[in-house]
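For reference, the structure discussed in these notes is given below.
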2 protein chains.
Amino acid sequence: MTNQLDSFFSALADPTRRAVVEQLIQGPAAVSALHDGHDMALPTFLRHLKVLEDSGLVTSTKKGRVRTVEMQPEALRAGADWFEAHKSMWEGRMDRLARLADHLERTRT
Amino acid sequence: MTNQLDSFFSALADPTRRAVVEQLIQGPAAVSALHDGHDMALPTFLRHLKVLEDSGLVTSTKKGRVRTVEMQPEALRAGADWFEAHKSMWEGRMDRLARLADHLERTRT
DNA sequence: ACAATACTTAGCTATATGACTAACCAACTC
DNA sequence: GAGTTGGTTAGTCATATAGCTAAGTATTGT
């Protein structure tokens with residue numbers, strides 16, 4: 001029952017982590033580059049990165065002493081798909097209601 | 001900085017709450033009807049509903065002793081929009097990279 | 001009026017989350 | 001090889017979250 005969507009949504013439920021995702025859309029970046037501009041201690045920031053990585057939204061590799069973090073765009077797709085699925089369910093229902101209203105209107109005599 | 005998206009995403013970061021959203025897409029329902037099939041104490045379940053309501057995803061009204069809960073579809077839209085915005089940023093970047101690659105290819109002589 | 005129904009409130013517990021400091025290791029740079 | 005840079009580990013703390021039981025309130029049904 002506990003879906004992978006859990007970790008996905010909770011990864012995005014934090015402004016710092018959403019900001020990181022937005023930065024990474026511009027392209028991969030080193031940990032310290034990502035950290036710049038976020039007013040928090042590095043270890044704290046690193047835990048945010050770990051949450052993102054555990055959720056599958058990003059991956060990272062270390063070369064020398066520099067760790068580079070990269071977006072995993074397919075992961076974003078998974079979330080977008082969830083919304084699409086539910087939005088369309090909703091819209092389907094709206095259509096049915098509209099048809100019903102229309103029917104009632106026409107048979108109102 | 002702390003966006004309304006925080007409460008929105010964290011509301012969806014729980015399987016029970018996503019299930020409730022999915023049920024509610026079929027139409028409004030009473031608290032006890034929603035509770036059926038969720039193996040947890042009612043007070044616990046009520047707190048999930050409160051989280052959903054605080055996030056703006058659902059609204060509820062009480063008539064007599066029955067509280068009826070209803071989806072707020074515009075809220076789902078807000079989330080879908082976030083994904084769309086970021087997906088398209090990503091795709092924009094891919095396009096630019098593709099054009100760059102193309103350019104490099106053509107000027108390779 | 002009494003009982004049953006449909007929540008609601010209060011209070012507890014355990015675990016998770018987000019923040020910090022301090023100390024550490026590994027790899028460049030001079 | 002000594003210092004600096006880039007990241008990591010360990011440990012603490014405060015608050016939030018998700019669950020429970022027990023008891024309460026307010027309608028509705030008989």
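Convention: sequence-line order gives letters A, B, ...; per-chain numbering from 1.
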Task: Side chain of Val31(A) (C-beta onward), nearest among dT21(D), dG7(D), dT21(C) - done: dG7(D)
Task: Sub-6.0 Å ring centroid separation between Phe9(B) and Trp82(B) - done: yes
Task: Donor-acceptor pair (no angle test) under 3.5 Å: Arg47(B) side chain, dA18(D) base - done: yes
Task: Nearest listed nucleotide, side chain of Pro43(B), among dC7(C), dC20(D), dG6(D) - done: dC20(D)
TODO: Give the angle between the helix axes at the two ends of the helix from dA1(C)-dT30(D) to dC30(C)-dG1(D), taking five base pairs at each end and rounding to 10°.
DONE: 20°
Open item on the list: Using the side-chain heavy atoms of Lys62(B), tell me which of these nucleotides is nearest: dC7(C), dG18(C), dT21(C).
Closed with: dC7(C)
Open item on the list: Is it the case that the base of dA27(C) and the side chain of Arg65(A) share a donor-acceptor contact (distance under 3.5 Å, atom types as modelled)?
Closed with: yes
Open item on the list: Looking at dA19(C), I'd like to know if its phosphate oxygens (OP1 or OP2) sit under 4.0 Å from a side-chain N or O belonging to His48(A).
Closed with: yes
Task: Closest-nucleotide 5' rank along DNA chain C - winner of Val66(A) and Ser10(A) - done: Ser10(A)
- [ ] State which of dA18(D), dA6(C), dT8(C) makes the closest approach to the side chain of Arg17(B).
- [x] dA18(D)
Task: Protein-nucleotide distance (Glu53(A), atom CD; dT8(D), atom C1'), rounded to Å - done: 14 Å
Open item on the list: Let's see if you can work this out: which of dT9(C), dG19(D), dT9(D) has an atom nearest to the side-chain heavy atoms of Leu46(A)?
Closed with: dT9(D)
Open item on the list: Working to the nearest 0.5 angstrom, can you tell me the gap between Gln4(B) CD and Ser55(B) OG?
Closed with: 7.5 Å
Task: Electrostatic pair Lys50(A)-Asp54(A), nearest N-O below 4.0 angstrom - done: yes
TODO: Rounded off to whole Å, could you give me the CG-to-C1' distance for the Leu52(A) and dG18(C) pair?
DONE: 14 Å
- [ ] Classify the side-chain pair Glu70(B)/Ser60(B) by whether it contains a donor and acceptor separated by less than 3.5 Å.
- [x] no
Open item on the list: Counting only side-chain heavy atoms from C-beta out, which of dC20(D), dA19(C), dG7(D) sits nearest to Met40(B)?
Closed with: dC20(D)
- [ ] Rounded off to whole Å, could you give me the CZ-to-P distance for the Phe45(B) and dC20(D) pair?
- [x] 12 Å
Task: Options dT8(D), dT4(D), dG29(D), nucleotide nearest the side-chain atoms of Leu42(A) - done: dT8(D)
Task: For atom CG of Leu49(B) and atom P of dT9(C), their distance in whole Å - done: 13 Å
Open item on the list: Just N and O in the side chain of Ser32(A): are any of them under 4.0 Å from OP1 or OP2 of dG7(D)?
Closed with: yes
Open item on the list: Can you tell me which residue among Ile25(B), Asp14(B), Leu57(B), Leu52(B) is in a side-chain contact (heavy atoms from CB on, under 4.5 Å) with Val20(B)?
Closed with: Leu52(B)
Open item on the list: I want to confirm an ordering. Mapping Ala33(B) and Thr16(A) to their closest nucleotides on DNA chain C, which one lands closer to the 5' end?
Closed with: Ala33(B)
TODO: Specify the separation, in whole Å, of atom NZ of Lys50(B) and atom P of dG19(D).
DONE: 16 Å
- [ ] Nearest whole angstrom, please: distance from the P of dT5(D) to the NZ of Lys63(A).
- [x] 23 Å
Open item on the list: Can you measure Asp14(A) atom CG to dA16(D) atom P for me and round it to whole angstrom units?
Closed with: 14 Å
TODO: Please assess His86(A) against Leu76(B) for the test side chain to side chain contact (heavy atoms under 4.5 Å, CB included), listing each intermediate value before the final yes or no.
DONE: CA-CA 8 Å; His86(A) 293 83; Leu76(B) 258 197; 4.0 Å; yes
- [ ] May I ask you to check whether His38(A) and Gln23(A) show a side-chain donor-acceptor distance below 3.5 Å?
- [x] yes
TODO: Please check the phosphate of dC20(D) (OP1 and OP2 only) for any side-chain N or O of Thr44(B) closer than 4.0 Å.
DONE: yes
Open item on the list: Please check: side-chain N/O of Ser10(B) versus main-chain N/O of Asp6(B), any donor-acceptor pairing under 3.5 Å?
Closed with: yes
- [ ] Report the distance from atom CG of Asp54(B) to atom P of dA18(D), rounded to the nearest whole Å.
- [x] 12 Å
